[in-house]
There are 2 protein chains.
Amino acid sequence: MSDPTKPTYDDVVRIPAPPGRGPATGRPPRIEEVAERAGVAPITVSRVLRHPEKVNRETRDRILEVIETTGYASNPHARALRSGRSNVVVAFVSNILSQQFGLAVRSLAAALEPEGYEVLVGQTSYSYAKEVAMIQSLRGIRPAAVMFTGVIELQENRAALQELGIPVIETWAFPRDPIDMLVGFSNADAGAMAAERLAQAGHRRLAFIGRSSGRGALRRDGFRAAATRLGLEIVHEIGVGEITGLVDGRAAFTALLDRGNRASAVFCANDLLATGALIEARSRGISVPRDLALLGFGDNDVADQITPGLTTITFNAAAIGRAAGELLLARLAGTPQIEPRHAVELVLLERGSV
Amino acid sequence: MSDPTKPTYDDVVRIPAPPGRGPATGRPPRIEEVAERAGVAPITVSRVLRHPEKVNRETRDRILEVIETTGYASNPHARALRSGRSNVVVAFVSNILSQQFGLAVRSLAAALEPEGYEVLVGQTSYSYAKEVAMIQSLRGIRPAAVMFTGVIELQENRAALQELGIPVIETWAFPRDPIDMLVGFSNADAGAMAAERLAQAGHRRLAFIGRSSGRGALRRDGFRAAATRLGLEIVHEIGVGEITGLVDGRAAFTALLDRGNRASAVFCANDLLATGALIEARSRGISVPRDLALLGFGDNDVADQITPGLTTITFNAAAIGRAAGELLLARLAGTPQIEPRHAVELVLLERGSV
DNA sequence: TTGTACGCGTTATCAA
DNA sequence: TTGATAACGCGTACAA
């Protein structure tokens, strides 16, 4: 198409520097220089930054002014090396492409950054090997805290994380025994809500589409249990592997039809799957919800924009990040008596596909 | 809905530790311990890790064995402090929720991690203030390199980045004068391709929907120039601010209709906008492409799953990350004579909306 | 309230 | 090819 060897140049706008101090240049200033200019010892400058209340008001103001004019910022490596602790909070997501995880990480960062912490994102890719490697690398980085968008299943990693001696937040589930702190919701309850909603709509024969490990399995188990309790029958279960896009939902739905679907309603344990299923159904002339009801979980961006809107069970991902940030700040500030579990509410969004 | 105060516990699977070495526990081993066990000085251990060719083969093998059994990994803070350089490569994305940026970062990480670099993701949120602050913080972190999913517009930041003295990669555009290295495509060409494709389909009166700053503006300018050249008329331009979801595309399309649309084809400079527009058109009974043609840019996940598929101009985001990784590795390895610009090909994906 | 002395763990530099 | 020494920049521990 375009000739990649001779692209037209883009006339990118160049925004001139505002008058005043130019860009910080050369070597960053060290604490010693700030101390000299302010006529104090380096340790006093350090105290102004770490324990301002321990420094005389006038001295502090003078030092702060020098810090301001020099643009001094302490070297994070030296700080981490000396104190054995850094201001980095590492957030691990199992899939960097997930919108929900992105929202949670974003609000975590929004909560922590004003307090001087830096949030960095790592990816575990639903792989245990990767998870082991990343947790090993934490031993060197010594972050201030770690958050996972998920829970840790490998005992080995649970132990390793505990040994780090830093706050650890697990999310996206509600296990009996979190490693340390928890901001999550019950996946079992989500599955149960699904069965209840479909029963209420009069469905008796149900199908399930979802991952057969991890959180998908937790939702499936809750779905199964509630179905049994309500006297419903689960006539098909389509297990899927890693979910990379809408295409997986289309494939799973096709598999359901290939097996001669006998269900009148389908619970998809993930909205990407549900949306894909909805698109596939429509392309086959299957009317949703008239011919078949579809219920999703997780609420991604597309779910409420397609027609009919996808009815889904969801929660506020940003609220998870926010609550995680607040828990962490409390713990890092040494607040005693923190309730280390926070439950996020599940919500049923009615949009017409059931 | 569910009672958030009493969620059901999730019975998370616990995967037992495999037999063999337990989790790394306690303080990480220091180089001194490794040296003692191997009967050498610490510096020799360091050399085995940094410049293995400078160490006698037998000595090296003996040290490597001790490293293996102890699980030693050097402390990144100490290393960065002493050597003034870390193994961290920082990738800044303007929006952590973007799928395309995610793909690029993912393949950047895949290219760099085998070589011992760690990729950390930061977010600039399309905000200059944020960008200034993050670049300032780089002075302390001293990363091995930086990548941006975008180009830097503020002269102040361009200068600051140059002063860092580390490799800097800009992407997602093709400016005349990149700060350092560049892996991008021409947004002007993308706009031109759009006009050409619509002209070829016989359209004479066009509309544009997109951001009126940044890369959106570059595509618009290319679109305008080509339209003029081809004797087409751009009868509407709908500028949008920050794009957060499909809803922005719906709103922009509605705005277009409110202005009494006279165009027979619309170029949306972003697929989220285009998909939103397509959904809005469908919900209003406007047939695409019969009543109105829609052409997008960027190819997100949804674009090829909806009906009709969105015809779009795109590129391989993963290839950008990969090429950036290779350029960086070459530079970091000190390879002389690197061509610091890499152009990625634009591709027209025909899917029925034009 | 402020300062002195020292060490965090590593690697650059120079010497052997 | 290997080692001794010092220094990276900061903050803890303790002293004044």
Side-chain angles (χ1 to χ4, degrees), chain A residues 26-64 66-67 70-88 116 137 139-144 165 334, chain B residues 26-64 66-67 70-88 116 137-144 165:
Chain A
R27 297 165 53 85
R30 282 165 304 127
I31 200 171
E32 194 182 347
E33 296 170 38
V34 176
E36 267 174 29
R37 290 213 201 194
V40 295
I43 184 64
T44 308
V45 178
S46 171
R47 270 197 279 257
V48 166
L49 293 171
R50 307 299 151 224
H51 313 282
E53 73 286 356
K54 292 185 176 177
V55 178
N56 178 302
R57 212 196 128 89
E58 286 172 25
T59 320
R60 190 172 61 208
D61 288 347
R62 185 156 36 95
I63 294 174
L64 282 174
V66 177
I67 288 177
T70 54
Y72 171 74
S74 73
N75 180 317
H77 297 302
R79 183 152 29 92
L81 182 58
R82 174 64 249 218
S83 68
R85 194 125 298 185
S86 76
N87 68 336
V88 169
S137 81
R139 294 207 306 154
I141 298 175
R142 295 172 190 259
Chain B
R27 298 164 51 84
R30 280 165 306 128
I31 201 170
E32 194 182 346
E33 295 170 39
V34 176
E36 267 175 28
R37 291 213 202 194
V40 295
I43 185 65
T44 308
V45 178
S46 171
R47 272 197 277 256
V48 166
L49 295 170
R50 306 298 151 225
H51 313 281
E53 74 285 355
K54 291 186 177 177
V55 178
N56 179 302
R57 213 196 126 88
E58 286 172 24
T59 319
R60 189 172 63 208
D61 288 347
R62 184 156 36 95
I63 293 173
L64 282 174
V66 178
I67 288 177
T70 53
Y72 170 75
S74 74
N75 179 318
H77 297 302
R79 182 151 32 94
L81 180 59
R82 176 64 248 217
S83 70
R85 193 125 299 184
S86 76
N87 67 336
V88 169
S137 82
L138 290 181
R139 294 208 305 155
I141 298 174
R142 293 170 191 260

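We use all heavy atoms of the structure for the numbers below, so side chains are in, but hydrogens, waters and symmetry mates are not. Residue numbers begin at 1 in each chain, while the letters A, B, ... track the order of the sequences. The structure displayed is predicted, hence computed values, not measured ones.
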Interatomic distance, [X] [atom1] vs [N] [atom2] [rounded to whole Å]:
| X | N | atom1 | atom2 | value |
| --- | --- | --- | --- | --- |
| R79(A) | dT12(D) | CZ | C1' | 15 Å |
| E36(B) | dG9(C) | CD | C1' | 14 Å |
| H77(B) | dT11(C) | NE2 | P | 14 Å |
| E32(A) | dG3(C) | CD | P | 14 Å |
| L49(B) | dG9(C) | CG | P | 16 Å |
| K54(B) | dA12(C) | NZ | C1' | 10 Å |
| I63(B) | dT10(C) | CD1 | P | 14 Å |
| R50(B) | dT13(C) | CZ | P | 16 Å |

From [options], nucleotide with atom closest to [X] side chain:
| X | options | result |
| --- | --- | --- |
| N75(A) | dG9(D), dT1(D), dT11(C) | dG9(D) |
| A41(A) | dG3(C), dA4(D), dG9(C) | dG3(C) |
| R82(B) | dT11(C), dT12(D), dT2(D) | dT11(C) |
| L81(B) | dT1(D), dT11(C), dG9(D) | dG9(D) |
| T44(B) | dG3(D), dT10(C), dT2(C) | dG3(D) |
| I31(B) | dA12(C), dT11(C), dT2(D) | dT11(C) |
| R30(B) | dT2(C), dG9(D), dT10(C) | dT10(C) |

query: For residues R50(B) and S74(B), is any side-chain donor paired with an opposing acceptor at under 3.5 Å?
result: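 S74(B) and R50(B) do have a side-chain donor-acceptor pair below 3.5 Å.
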query: Base, sugar-phosphate alone, or nothing: which one does I43(A) contact when heavy atoms must sit under 4.0 Å apart?
result: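 Contact class for I43(A): base.
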message: Closest-nucleotide mapping onto DNA chain C: is R62(A) or S83(A) further toward the 5' terminus? I mean the 5' end.
response: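 Looking at the nearest nucleotide for each, R62(A) comes out on the 5' side.
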message: Once hydrogens and angles are ignored, does a donor-acceptor distance under 3.5 Å link the base of dG3(C) to the side chain of R47(A)?
response: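 Counting by modelled atom types and ignoring angles, a donor-acceptor contact under 3.5 Å is found here.
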Below 4.0 Å: OP1/OP2 of dT10(C) and any side-chain N or O of Y72(B):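 The answer is yes; a side-chain N or O of Y72(B) sits under 4.0 Å from OP1 or OP2.
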- request: Tell me whether the OP1 or OP2 atom of dT2(D) has a side-chain N or O from T59(B) closer than 4.0 Å.
  value: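 True: T59(B) side-chain N/O within range (under 4.0 Å) of dT2(D) OP1/OP2.
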message: I need the minimum non-hydrogen distance between A41(A) and A35(A), along with the two atoms involved.
response: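 Result for this residue pair: C-CB, 3.7 Å.
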